[in-house]
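The block underneath contains the structure these notes are about, expressed in structure tokens.
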Amino acid sequence: MLRPRLPSPLQEIADGRFARRGVRLLLKRDDLIHPEIPGNKWRKLVPNLHAAAADGPSTLLTFGGAYSNHLRATAAAGRLLGLATVGVVRGEELADRPLNPSLARCAADGMRLHFVSRGTYRRRSDPALLEELRERFGAFFPVPEGGSNAAAVHGCADLGRELRGRADVAAVACGTGGTLAGLAAGLGPGQRAIGFPVLKGGFLGAEVERLQEAAFGGRAGDWRLDDRFHCGGYARSTPALDAFAQDFADRHGLPLERLYVAKMLYGLTVLAEEGAFAPGSTVAAVITGGV
């Protein structure tokens, strides 16, 4: 069932690109929290599961794209806890195609997939759409895209608390911003967080501030975003990113999850080589998910 490994392990690795700048690199292995609900998905989902249990409905409904880690984690949690799950998937054209491996895993875990147009998907926070979905699926507890809401942000604050006194800088890849919002709030004085968006658009700063306002009443912690490493957008890559991920795996024996983790570590390595971290400092990279 839901038996997490917390706090998640903190692993130091020797990487010459950091060492020659006098910087220690630690990997915060949130990917090892749970074999089926890893990393930030565990930290975000569990507070929402508690809220769902208190609310009453035994069905979780949430939103995601065709390769959403959040959909997979929600489906797995539903199977483990005996909860029905519904995934509202962006892209109605996918309904007539074979399921990709990510959505096939969701379906195997019992998630009912509901494909909608991109226009409808953009209304995912609209109460009118939620009412339409209730008419179709019955009573449910709604979990937002990526699992990011005030409850999830409080859950992710534990990640920052686990890193207090362990690093000067904590870095995380960002999709919907909830993990960064909580991580930064949980860190101690003198620590700072860097978020690496995996989507282009420059919208995430306002979203992180909105989430912190909802969770804590205002901006919390020392954090910033570096938008240079999305590599063209979600699920996009570049030859430079591919080469970096392969080189990292060769150096350290750790294959990198490409949608989030590889982009974050690529950005962090570039920052180290740019001299962004003072000699003698320690940087912790949050590994939010495995391959």
Side-chain angles (χ1 to χ4, degrees), residues 1-2 34-156 175-179 199 207 210-211 214-215 234-235 259 289:
M1 293 278 298
L2 301 184
H34 190 279
E36 296 184 79
I37 313 173
N40 60 342
K41 303 308 175 189
W42 169 273
R43 297 185 190 274
K44 289 177 168 184
L45 266 178
V46 167
N48 278 289
L49 292 172
H50 288 317
D55 191 62
S58 58
T59 297
L60 301 175
L61 181 142
T62 193
F63 302 82
Y67 293 93
S68 169
N69 293 328
H70 169 67
L71 287 182
R72 290 207 311 275
T74 303
R79 173 174 55 79
L80 292 168
L81 294 172
L83 298 172
T85 56
V86 176
V88 179
V89 185
R90 181 178 60 247
E92 62 184 347
E93 72 279 1
L94 301 174
D96 298 322
R97 299 178 186 174
L99 297 179
N100 66 35
S102 181
L103 293 178
R105 182 68 260 170
C106 292
D109 279 337
M111 175 173 275
R112 184 173 179 181
L113 300 174
H114 178 56
F115 299 91
V116 299
S117 69
R118 283 159 174 76
T120 299
Y121 191 85
R122 284 193 289 271
R123 296 173 52 220
R124 59 191 175 275
S125 300
D126 184 346
L129 176 60
L130 294 178
E131 188 56 37
E132 291 173 21
L133 292 170
R134 286 191 177 91
E135 290 176 3
R136 185 182 185 102
F137 298 108
F140 59 76
F141 183 86
V143 179
E145 180 185 48
S148 290
N149 55 14
V153 170
H154 279 287
C156 290
T176 53
T179 303
L199 295 86
E207 182 62 12
R210 184 192 69 80
L211 287 166
Y234 187 73
L259 301 183

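Only this structure's heavy atoms are used, side chains among them; waters, hydrogens and symmetry mates stay out. All of these numbers come straight from a predicted model, not from anything done at the bench. Numbers here simply count residues along the sequence, with the first being 1.
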Donor-acceptor contact present, side-chain D109 to main-chain M111, <3.5 Å:
no

If the condition is side chain to side chain contact (heavy atoms under 4.5 Å, CB included), which residues does S125 pass it with, not counting sequence neighbours?
none

What are the two closest heavy atoms between G146 and K41, and how far apart are they?
O-NZ, 4.1 Å

Between atom OH of Y67 and atom CG of L259, what is the distance when rounded to the nearest 0.5 Å?
9.5 Å

Under the side chain to side chain contact (heavy atoms under 4.5 Å, CB included) rule, collect the residues that match up with E135, sequence neighbours excluded.
E131

Flag the pair H70 / V143 as yes when at least one side-chain heavy-atom distance between them is below 4.5 Å, and no otherwise.
yes

Counting only N and O atoms by type, is there a donor-acceptor contact under 3.5 Å from the side chain of S117 to the main-chain atoms of E92?
no

Using a 4.5 Å cut-off on heavy atoms from C-beta on, say whether the side chain of T62 contacts that of L71.
yes

Does some side-chain heavy atom of L60 sit less than 4.5 Å from a side-chain heavy atom of F140?
no

Does T179 have any side chain to side chain contact (heavy atoms under 4.5 Å, CB included) partners at least two apart in sequence or in another chain, and if so, which?
N40, K44, C156, L159, V172

L49 CG to W42 CH2 distance, which is reported to the nearest 0.5 Å:
8.5 Å

Not counting sequence neighbours, which residues clear salt bridge (charged side-chain N to carboxylate O under 4.0 Å, His left out) with E207? List them please.
R210

Heavy atoms of N48 and A152 approach each other most closely as ND2-CB, 4.0 Å

What closest approach, in Å, do F63 and L130 show between heavy atoms, and which atom pair accounts for it?
CZ-CD2, 4.0 Å

Does a salt bridge link E145 with R90, judged by any charged N lying under 4.0 Å from a carboxylate O?
yes

Are T85 and T59 close enough that some pair of their side-chain heavy atoms sits under 4.5 Å apart?
no

Whether Y234 side chain and G65 backbone form a donor-acceptor pair below 3.5 Å
no

T176 and S148: which non-hydrogen atoms are nearest, and at how many Å?
OG1-OG, 2.6 Å

Are L80 and I37 side-chain neighbours, meaning at least one heavy-atom pair lies under 4.5 Å?
yes

With a 3.5 Å distance limit and no angle check, can you tell me whether H154 reaches the backbone of A215 through a side-chain donor-acceptor pair?
yes

Got a sec, which residues hit salt bridge (charged side-chain N to carboxylate O under 4.0 Å, His left out) with E132, two or more places apart in sequence or on another chain?
R123

Within-4.5 Å side-chain heavy-atom neighbours: P142 and R124
no

Side chain to side chain, V116 and V89, heavy atoms closer than 4.5 Å
no

Minimum heavy-atom separation for G177 to L211, with atom names?
C-CD1, 3.8 Å

Considering non-hydrogen atoms only, spot the tightest contact between A66 and L103 and give its length.
O-CG, 3.4 Å

Test ring pair (Phe, Tyr, Trp, His ring centres under 6.0 Å) applied to F137 - qualifying residues, sequence neighbours left out
H114

Ignoring hydrogens and geometry, is there a side-chain-to-backbone donor-acceptor pair from N69 to G289 under 3.5 Å?
no

